[in-house]
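As the structure lists them, so they are numbered: ligands from 1, and atoms in each ligand from 1. Index from 1, following the sequence. Computed from a predicted structure; not experimentally measured.
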Amino acid sequence: MRVHAEFSRSADTYEQYHMIQQKVVNKLIGSISDMPQKILDIGCGSGAVFKAIDWELEHFTALDFSESMLSKHPVSKDITCKLADFNEEDTLEKISGDFDRIISASALQWAVHLDRVFAAIAAFKAPVSLAIFTCNTFESLYKCAKLKPILRCSDEVITLAKKHFDAHFEVVTYTLAFESPREMFRYIKKSGVSGGRRVLSYKQTKRLMQEYPHNYLEFEVLFICN
Ligand SMILES: C[S@@+](CC[C@H](N)C(=O)[O-])C[C@H]1O[C@@H](n2cnc3c(N)ncnc32)[C@H](O)[C@@H]1O
């Protein structure tokens, strides 16, 4: 499974290269006003969501399928770290316990069957705070390389989400500027945003580095909150 390999590989450098994901976490957590006590974090990584929470918690359940990411998550008696793959049938369905809020930041774009994952999240009958990268991420880069985006478009995700959640939807675009094309391509490699899908050969990457006319990358994130 390539996505797993990519996140495990980038676990050591993830913290250095996750500026956009940190902005996403800050926005997601900043919009929560009900101070939920029991939280499930799906695709928790090294714990950005947990670290951003500034109120007392009763219990935090952190789920991720990358052992190396999960090993960097804070631990305490009030935290359960769960090594599990949300793409495997029944992973979410088998999680017992009631939650006051389900959070997922920058992970569900890798859901193979997003409709099924949304249904499983909705079955917890808890409010949600979900942030999902969508198809205009790396828009200019894809255009320059004449490639189709690999992520779902926000309209498609909103249509699916509306079946399961009575929520507020917001699409936010971020840009990140780089000092050189080399820095930009290193970021793509190290940040884990590509999810391990190598869509360009070495030669194509080299050409794209020479031809890409901008010094920035775009990121498009859909926030689903209620
Ligand atoms: C971009 S990181 C985000 C981590 C964290 N939520 C944050 O905001 O910093 C995406 C995380 O999702 C996890 N992930 C991706 N696909 C997954 C899957 N199928 N099951 C469980 N975790 C998954 C990766 O291992 C990675 O830790």
The atoms of ligand 1 lying under 4.0 Å from a heavy atom of Asp85, numbered in the order shown, are 18 (C), 19 (N), 20 (N)
Taking only heavy atoms of Asn87, which atoms of ligand 1 are found under 4.0 Å from at least one of them? 19 (N)
Counting heavy atoms only, which of Phe65, Phe133, Phe50, Trp110 is nearest atom 14 (N) of ligand 1? Phe65
Region of Cys44 that comes within reach of ligand 1 [heavy atoms, distance under 4.0 Å]: backbone
Report the residues that fulfil disulfide (SG to SG under 2.5 Å) with Cys153, sequence neighbours left out, ordered by chain and then residue number. Cys135
Could you pull out all residues at least two apart from Glu139 that satisfy side chain to side chain donor-acceptor pair (under 3.5 Å)? Lys143
Using a 3.5 Å cut-off on N or O atoms only, is His18 in polar contact with ligand 1? no
Taking the six-membered ring of Phe223 (Phe, Tyr or Trp), confirm whether the NZ or CZ of Lys27 is under 6.0 Å from its centre and within 45° of its axis. yes
Using heavy-atom distances only, which candidate in Gly43, Gly45, Ala84 approaches atom 21 (C) of ligand 1 most closely? Ala84
Contact partition for Ala105 relative to ligand 1, non-hydrogen atoms under 4.0 Å: both
For Phe86 and ligand 1, does the shortest N/O to N/O distance drop below 3.5 Å? yes
May I ask you to identify, for Val25, whether its side chain, its backbone, both or neither come under 4.0 Å of ligand 1 on a heavy-atom basis? side chain
In terms of ring plane angle, is the pair Tyr142 and Phe138 parallel, tilted or perpendicular, where the classes change at 30° and 60°? tilted
Report the C-alpha distance between Ile39 and Phe50 in whole Å, list the side-chain angles of each, state the deciding distance to 0.1 Å, and finish with yes or no for side-chain contact (heavy atoms from CB on, under 4.5 Å). CA-CA 9 Å; Ile39 291 176; Phe50 179 80; over 6 Å; no
Measuring only between side-chain heavy atoms, which start at C-beta, is Glu93 closer than 4.5 Å to Arg116? yes
